[in-house]
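Here is the structure we will look at, set down as structure tokens.
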Amino acid sequence: MDYLKARGRIFDIQRYSIHDGPGIRTIVFLKGCPLRCRWCCNPEGQRREIETMMVDGKPKTEGEDITVEELLPRLITDEFYYRRSGGGVTLSGGECLMQPDFAPHLLHACHDLGYNTAIETTGFQKWEIIEKYLPYLDHVLMDIKHMDSAKHKEYTGVPNELIHENAHKFARSGIDLTIRVPVIPTFNNTPEEIRDIAEFAASLPGVKHLHLLPYHRLGQGKYEGLGREYKMRDIEPMSKEYMEMLLREAKKSGLICQIGG
């Protein structure tokens, strides 16, 4: 099967995840992303190039070229857990939509093995490219970060019109779509901003779930390891009580809302 020979570039594989789709899952992180979110916790996934990151004083190569055929044995290892839990494989990044000559073929192979499939995505890609993924997708976990395009561009490097348009198209495709909101102080953490995003999510046909993802600084050391500036170093995480208040605002949309996931 020719699609098994498709080659892509990954930078990590995470096993036994329970927050990135249903059941127990393996996450494959693909390199390359068109966004530059100030709070990104995977900066080693932003650039498509293979990089060296210092970790605990030692150099670590970030980026591996691999074929679908070469990657599958790493995923098959946890097939027992997929079967027992209703889990499967999730593609993340970076942005998996940036590797359309690899990612859809990997999803295809997973479907051939009977695995549930999902992607985590910013949705920033031409729809004709996204359509290559749809036949092999069971779930989409999509970020909606802000309703104001100018502010979205200021903090992520790109406007949001294409993202919102694709959210509607994902919803109309009939695929299981969950909206995620990384809640970032100074960017989108007011009750009004969260309520606006939740109302947008509720307007998408068939969407029932919205997840609020609390801001953290766990990726700060990676920026230092890459010799890059972490622009959020002075921003403190929000309290549990504040996140619960935002959750109550989101629930006014009528969606099933939760913190995390």
Side-chain angles (χ1 to χ4, degrees), residues 3-4 6 8-31 33 40-42 44-45 62-64 66-97 99 102-123 133-144 170 173-183 201 206-216 218-219 222 240 243 247 255-261:
Y3 65 84
L4 294 177
R9 181 166 290 173
I10 68 173
F11 67 94
D12 198 10
I13 298 174
Q14 178 180 313
R15 302 167 65 194
Y16 310 122
S17 172
I18 58 172
H19 299 295
D20 301 272
I24 297 172
R25 310 189 71 81
T26 298
I27 310 174
V28 181
F29 292 86
L30 279 66
K31 249 196 167 282
C33 183
C40 179
C41 59
N42 290 325
E44 74 275 33
E62 296 292 350
E64 174 188 359
I66 193 168
T67 67
V68 172
E69 190 172 39
E70 292 166 341
L71 182 53
L72 284 180
R74 304 192 200 179
L75 308 181
I76 291 171
T77 299
D78 294 322
E79 182 172 302
F80 171 81
Y81 299 101
Y82 308 154
R83 305 291 188 200
R84 288 292 298 269
S85 69
V89 175
T90 298
L91 305 189
S92 189
E95 173 53 73
C96 64
L97 297 180
Q99 295 197 40
F102 171 67
H105 299 303
L106 178 56
L107 294 170
H108 187 174
C110 290
H111 256 203
D112 283 353
L113 292 169
Y115 300 163
N116 182 278
T117 61
I119 62 170
E120 297 176 324
T121 181
T122 67
Y133 292 67
L134 296 182
Y136 315 111
L137 262 182
D138 297 308
H139 308 279
V140 172
L141 309 171
M142 183 176 181
D143 280 5
I144 296 295
F170 270 128
S173 76
I175 201 163
D176 181 67
L177 175 62
T178 295
I179 298 300
R180 288 176 155 186
V181 187
V183 184
V207 169
K208 299 178 181 178
H209 296 272
L210 182 141
H211 298 171
L212 301 181
L213 309 181
Y215 165 72
H216 59 76
L218 298 179
K222 295 181 178 181
K240 179 181 178 181
M243 283 298 301
L247 181 65
L255 294 173
I256 302 169
C257 303
Q258 68 184 61
I259 297 174

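We use all heavy atoms of the structure for the numbers below, so side chains are in, but hydrogens, waters and symmetry mates are not. What you see is a predicted model; the values in this text were computed from it and never measured.
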ask   = Do the non-hydrogen side-chain atoms of Leu212 and Gln258 ever get within less than 4.5 Å of each other?
value = no
note = d(Ser92 OG, Leu141 CG) to nearest 0.5 Å is 9.0 Å
request  = Could you tell me which non-hydrogen atom of Phe170 sits nearest to which non-hydrogen atom of Val140, and how far apart they are?
outcome  = CE2-CG2, 3.8 Å
task = Say whether, by atom type as modelled, one donor and one acceptor occur between the side chain of Tyr115 and the main chain of Ala109 under 3.5 angstrom.
result = no
query = Hey, are His209 and Asp176 close enough side-chain-wise for a donor-acceptor pair under 3.5 Å?
reply = no
inquiry  = Go through it in stages, so that I can follow the logic: the residues are Thr178 and Val207, the test is side-chain contact (heavy atoms from CB on, under 4.5 Å), and I'd like the CA-CA distance, side-chain angles, deciding distance and then a yes or no.
reply    = CA-CA 6 Å; Thr178 295; Val207 169; over 6 Å; no
ask   = With Arg25, which of Asp20, Thr117, Asn116, Asp78 fulfils side chain to side chain donor-acceptor pair (under 3.5 Å)?
value = Asn116
task = First locate atom CG of Leu106, then atom CG of Leu30, and finally report the distance between them rounded to the nearest 0.5 Å.
result = 7.5 Å
key: Residues which pass salt bridge (Lys or Arg N to Asp or Glu O under 4.0 Å) with Glu44, listed by chain and number, not counting sequence neighbours   = Lys222
message = Working to the nearest 0.5 angstrom, can you tell me the gap between Ser85 OG and Ile24 CD1?
response = 4.5 Å
request  = Take atom CG of Leu113 as the centre, draw a 6.0 Å sphere, and report whether it contains more than 12 heavy atoms from other residues, nucleotides or ligands.
outcome  = yes
message = One thing to verify: whether Arg74 and Glu64 come together as a salt bridge, which I'm taking to mean a side-chain N less than 4.0 angstrom from a carboxylate O.
response = yes
ask   = If you look at every heavy atom in Phe11 and Asn42, which pair is closest and at what distance?
value = CZ-CB, 4.2 Å
task = Mind listing the closest non-hydrogen atom pair of Gly260 and Pro214 along with its distance?
result = N-CD, 4.3 Å
request  = Would you indicate whether the side-chain heavy atoms of Cys41 and Leu218 approach each other to under 4.5 Å?
outcome  = no
message = Could you walk me through whether Thr26 and Thr77 satisfy the side-chain contact (heavy atoms from CB on, under 4.5 Å) test, starting with their C-alpha distance in whole Å, then the side-chain angles of each, then the deciding distance to 0.1 Å, before giving a yes or no?
response = CA-CA 10 Å; Thr26 298; Thr77 299; over 6 Å; no
ask   = CG of Asp138 to CD1 of Ile175: how many Å apart, nearest 0.5 Å?
value = 7.0 Å
ask   = Taking only residues two or more places apart in sequence, or in another chain, which ones meet Glu70 in a salt bridge (Lys or Arg N to Asp or Glu O under 4.0 Å)?
value = none
query = So Leu255 and Ile179, side-chain contact (heavy atoms from CB on, under 4.5 Å) or not? Walk me through it.
reply = CA-CA 10 Å; Leu255 294 173; Ile179 298 300; over 6 Å; no
inquiry  = Once salt bridge (Lys or Arg N to Asp or Glu O under 4.0 Å) is applied, do any residues pair with Arg9, and if so which ones, sequence neighbours excluded?
reply    = Asp65
ask   = Between Arg180 and Asp143, is the closest basic N to carboxylate O distance under 4.0 Å?
value = no
Backbone N/O of Lys31 and side chain of Gln99: donor-acceptor pair under 3.5 Å = yes
inquiry  = To the nearest 0.5 Å, what is the distance between OH on Tyr133 and CD1 on Ile119?
reply    = 7.0 Å
inquiry  = Using only atom types and a distance under 3.5 Å, with no angle test, would you say the side chain of His139 pairs donor to acceptor with the backbone of Gly21?
reply    = no
key: Under 3.5 Å: donor-acceptor pair, side chain of Tyr82, backbone of Leu75   = yes
task = Quick one: closest heavy-atom pair of Leu134 and Ser173, and the distance?
result = CD1-CB, 4.4 Å
key: Spacing of NE2 belonging to His105 relative to OG1 belonging to Thr67, to within rounding of 0.5 Å   = 12.0 Å
message = Could you go through Val181 and Leu210, starting from their C-alpha distance and side-chain angles, then the distance that decides it, and tell me whether this counts as side-chain contact (heavy atoms from CB on, under 4.5 Å)?
response = CA-CA 8 Å; Val181 187; Leu210 182 141; 4.2 Å; yes
query = Just checking, any donor-acceptor pair under 3.5 angstrom between side chains of Thr90 and Glu120?
reply = no
